[in-house]
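A short write-up of the structure that comes next.
Letters go in sequence order (proteins before strands), and every chain restarts at 1.
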Protein chains: 2
Amino acid sequence: MTSHDNHAFKPIATVDLAIFSLSPAGLSVLLVRRANAPFSGDWALPGGWIHIDEDADLEAAARRVLKEKTGVETPYLEQLQTTGSRSRDPRGWSISIVYIALLSADDVAERQGGMAAEAEWRMIEGEGVGCPIAFDHAALLKEAVGRIRSKVEYSSLPGHLLPVHFTLSELQSVYETLLGRKLDKSAFRKRMAEADFLEPVEGEMRRASNRPAQVFRLKDTRSLALFDRTI
Amino acid sequence: MTSHDNHAFKPIATVDLAIFSLSPAGLSVLLVRRANAPFSGDWALPGGWIHIDEDADLEAAARRVLKEKTGVETPYLEQLQTTGSRSRDPRGWSISIVYIALLSADDVAERQGGMAAEAEWRMIEGEGVGCPIAFDHAALLKEAVGRIRSKVEYSSLPGHLLPVHFTLSELQSVYETLLGRKLDKSAFRKRMAEADFLEPVEGEMRRASNRPAQVFRLKDTRSLALFDRTI
DNA sequence: TAACTTAGTTGAATATTTACACTAAGGTTC
DNA sequence: GAACCTTAGTGTAAATATTCAACTAAGTTA
């Protein structure tokens, strides 16, 4: 290519994932305990090398890592950002391509067995988890949490954390939990209707000791719907 | 680290830039002509290897490339996305970290000399330039143009393409050009005032054969202001 | 069957947006 | 220098959207 071709820099490159799910009190992220140096024994975001033979592209690598750690194959997945520097890994100049994955509560419930050993869900408190984590993963997690909280304001993001089937009241409740404030029921329903990302599951009603509620599902589990305005 | 440590994959990694400026009819992007294989002689987004000794982190690498190609040191710079795949470069599995840079019209005017030879401004028409470009750069450019057009709707982005000093009418005109539609003057001025990213240059007025206009500048040339709603 | 609970809708008061007209401040023309 | 032209900048009334809270609906439980 250029004169640089001879000493073309090949960095250490990993794909790391901030995998989120919903716990009753709010957002949780999946952490794994590192088995080897550096940071052996510390908690970290799950990640791994790109497998040149196995992975066709970056997103495929992210899906592979996700499947290895959780057993889940069809999450909502989006690229967050890439960090790279001389100092973030003691082994040398390294790059991390970070993805955000959102797991449906159904996936979390079903795949308890498929979870990697030494993996653990940790509640998000404020901008991160309460304990130190390896590398610059605390900063990456902070970015991820910021992106998620921001997108709750103007997208269908919370719908991707619920079970496949849910009611409007359940959806509203997740928005309220993630936003940390109450929403008006009628305004909320109007926004959801406008954004047009839900479809009723015909004939399915959630029954309790009161008026039954219509059950809905996402029209598209692979992409977010964006609102014209904040919720 | 893990058993992968022995065959830790080290991809080809470059930092590539979509450098935008304003021409009278709209947005332009800087392309360079490739001197070597692959795609020798083709136009491409400017980019380069990471210099392990010179660059502390990815953004530093992007700034270095930008300075080499344009002479500009203080642009607005933001990371767009990272692509990586087996097939995007014939030399093997490769990664490109793509940045968007916005150049002030003053920078473009002043640094005509500092520009790299074999570099050229190309008008954006629709989603890209009218001619084929190397690698997957057409797709990257399309993403970059999409991000820019989207951010015009809810941010101060167009202000970073103007000369350092400008009037509100000039700013509105850039918004209109990039959006492809006319805006209401009074609503536009209200948005700008709310967003609070402009400061008047005291005593400076743009004079013509009509009422003089107050001259403004950005309060912060390194970051975008985001609006509460679309413009 | 009355009471209770949550689902889902309606509507009046309030705030925001939009469209457009208006005033302001120069230079230019005659 | 007065009338006129052009663009800067502001004001306002009508239309639209949001907010807040009450209302009706449909089930279970006592």
May I have the list of side-chain donor-acceptor pairs in residues 119-132 of chain A shorter than 3.5 Å, sequence neighbours left out?
unit_1: A/E120; atom_1: OE2; unit_2: A/R122; atom_2: NE; d: 2.8

>> Does anything in residues 177-221 of chain B form a ring pair (Phe, Tyr, Trp, His ring centres under 6.0 Å)? List the pairs, not counting sequence neighbours.
In response: B/Y175-B/F188
> Who are the side chain to side chain donor-acceptor pair (under 3.5 Å) partners of B/Q81, not counting sequence neighbours?
Replying inline: none
> What pairs with B/R207 under side chain to side chain donor-acceptor pair (under 3.5 Å), at least two apart in sequence or on another chain?
Replying inline: none
>> A/S23 vs A/S28, test: side chain to side chain donor-acceptor pair (under 3.5 Å). Steps then yes/no.
In response: CA-CA 6 Å; A/S23 26; A/S28 286; 2.6 Å; yes
> Can you name the side chain to side chain donor-acceptor pair (under 3.5 Å) partners of B/E118, sequence neighbours left out?
Replying inline: B/R33
Sequence neighbours excluded and cut-off under 3.5 Å, please list the side-chain donor-acceptor pairs for residues 220-231 of chain A, or say none.
unit_1: A/D220; atom_1: OD1; unit_2: A/R222; atom_2: N; d: 2.8
unit_1: A/D220; atom_1: OD2; unit_2: A/S223; atom_2: OG; d: 2.7

> To the nearest Å, how far apart are B/R206 CZ and D/dA8 P?
Replying inline: 10 Å
> With A/D106, which residues qualify under salt bridge (Lys or Arg N to Asp or Glu O under 4.0 Å), at least two apart?
Replying inline: none
>> Please encode protein proximity along nucleotides 19-30 of chain D as a string of B, S and -, counting only heavy-atom distances under 4.0 Å.
In response: -BB---BBBSS-
> Among residues 150-178 of chain B, which residues get a heavy atom nearer than 4.0 Å to DNA chain D?
Replying inline: B/S169
>> Once side chain to side chain contact (heavy atoms under 4.5 Å, CB included) is applied, do any residues pair with B/A44, and if so which ones, sequence neighbours excluded?
In response: B/R34, B/A134, B/H137
> Sequence neighbours excluded, which residues qualify as side chain to side chain donor-acceptor pair (under 3.5 Å) partners of B/Y76?
Replying inline: B/E78
> Could you give the CE-to-C1' distance, from B/M205 to D/dT6, as a whole number of Å?
Replying inline: 15 Å
> Which nucleotide span of DNA chain C, 5' end to 3' end, has atoms closer than 4.0 Å to non-hydrogen atoms of chain B?
Replying inline: C/dT17 to C/dT28
